[in-house]
Number of protein chains: 2
Amino acid sequence: MKKQKKQRLERAGWVVGDTGDFLGLSEQERRFIETKLALAAGVRRRRKLQRVTQAELARRLGSSQSRVAKIEAADATVSLDLILRSLFGLGATSADVARLIRQAERSSAA
Amino acid sequence: MKKQKKQRLERAGWVVGDTGDFLGLSEQERRFIETKLALAAGVRRRRKLQRVTQAELARRLGSSQSRVAKIEAADATVSLDLILRSLFGLGATSADVARLIRQAERSSAA
DNA sequence: TCATGATATGTCAGAACGGACATATCGCGC
DNA sequence: GCGCGATATGTCCGTTCTGACATATCATGA
């Protein structure tokens, strides 16, 4: 159960830096984190473009301003579920989400 | 907080049927569920194509056979996080995931 | 400078999710 | 029919996630 330990590390605050395999981070975990980061960034981008406040988005999601802030900060305690709900809450389509995910890969191909 | 109530309903066992707005399901929630279903289906598809058993995939994820079964059944107690991890655990790339998500929209455009 | 609106950060109790295990059901060759 | 591997289903109980709240920081304008 090495995976378990990694998860713990990840949650403990990632640090991430430049999203590499700075520790023994496996390929699959790297992809997962990158995806999360990309989607979180997408939320902020979309929200600002629409000039919606965090509080307003929170209202739409039945959530709170503080949680939205954490979503955008890609806080380790935020689930993908919530991030995705946020994107859809901002009117994103599946195609939009797909685009964000595909770009996640490219942006870190370094 | 109407959203709250909907979430409850959703979790209580979706039923879903044909993924429509059978109740007041908002557009954003419909998209979210469809995405989840599409990705879950993607896991099964990929796994079978690679002739990997649920038990083996579970091992790779540090999870259990029963949970993998639930993932593929799109059980309400399974998070997107776990589904995505599964896909990546099966070697899917961001592009693969993006493709699955985009298709989710089409397949229910009814 | 001080308001004031928007964000960020920390914490907590309760809800949701997780792996694990038991057990049931299926599919298929014999 | 029996055996057997793969899946499904249901339930624990410890961990994680979440909304809510308090509070702090930031930005901008007066």
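Chain identifiers are assigned alphabetically (A, B, ...) following the order of the sequence lines, protein sequences preceding nucleic acid strands; residue numbering begins at 1 within each chain.
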Inset, instruction - Assign B:Val78 to base, sugar-phosphate, or nothing according to its heavy-atom contacts below 4.0 angstrom with the strands shown. - result: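 If one applies the 4.0 Å heavy-atom cut-off, B:Val78 turns out to touch the sugar-phosphate alone, with no base involved.
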Inset, instruction - With heavy atoms under 4.0 Å as the rule, sort A:Ser64 into base, sugar-phosphate or nothing. - result: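 Since a base atom lies under 4.0 Å of A:Ser64, the category is base.
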Inset, instruction - Could you tell me whether B:Arg102 atom CZ has more than 12 heavy atoms of other residues or ligands within 6.0 Å of it? - result: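 No, because the 6.0 Å sphere around CZ of B:Arg102 holds 12 heavy atoms or fewer from other groups.
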Would you say a side-chain N or O of [X] is under 4.0 Å from OP1 or OP2 of [N]?
X	N	value
A:Ser63	D:dA20	no
B:Gln54	D:dA8	yes
B:Arg47	D:dT7	yes
A:Arg44	C:dA6	no

Legend entry - Distance-only donor-acceptor test (3.5 Å): side chain A:Ser66, base D:dC21: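 Donor-acceptor pair under 3.5 Å: yes.
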Inset, instruction - Ignoring hydrogens and angles, answer whether the base of C:dG10 and the side-chain atoms of A:Lys70 contain a donor-acceptor pair closer than 3.5 Å. - result: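 Present.
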In whole angstroms, how far is the [atom2] atom of [N] from the [atom1] atom of [X]?
X	N	atom1	atom2	value
A:Arg85	D:dC17	CZ	C1'	13 Å
B:Leu57	C:dG18	CG	P	14 Å
B:Glu56	D:dG5	CD	C1'	15 Å
B:Arg51	D:dG5	CZ	C1'	16 Å
B:Ile71	C:dC17	CD1	P	13 Å
A:Asp75	D:dC17	CG	P	9 Å
A:Arg59	D:dA20	CZ	C1'	17 Å
B:Leu84	C:dC17	CG	P	15 Å

Legend entry - Full working for side chain to side chain contact (heavy atoms under 4.5 Å, CB included) between A:Leu90 and A:Arg60: CA-CA 9 Å; A:Leu90 285 167; A:Arg60 289 190 206 171; 4.2 Å; yes
Inset, instruction - Sort out for me which residue in B:Arg67, B:Arg45, B:Arg46, B:Arg44 forms a salt bridge (Lys or Arg N to Asp or Glu O under 4.0 Å) with B:Glu72. - result: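 The residue from B:Arg67, B:Arg45, B:Arg46, B:Arg44 that satisfies salt bridge (Lys or Arg N to Asp or Glu O under 4.0 Å) with B:Glu72 turns out to be B:Arg44.
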Legend entry - Full working for side chain to side chain contact (heavy atoms under 4.5 Å, CB included) between A:Leu61 and A:Leu57: CA-CA 6 Å; A:Leu61 299 171; A:Leu57 175 53; 3.9 Å; yes
Inset, instruction - Name the residue closer to the 5' end of DNA chain D, choosing between A:Leu82 and A:Gln65 according to the nucleotide with the nearest heavy atom. - result: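 Looking at DNA chain D, the more 5' nearest nucleotide goes with A:Leu82.
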Legend entry - Carboxylate-amine/guanidinium contact A:Glu34 A:Arg31, below 4.0 Å: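 Here A:Glu34 does not pair with A:Arg31 in a salt bridge, since their nearest N and O are not under 4.0 Å apart.
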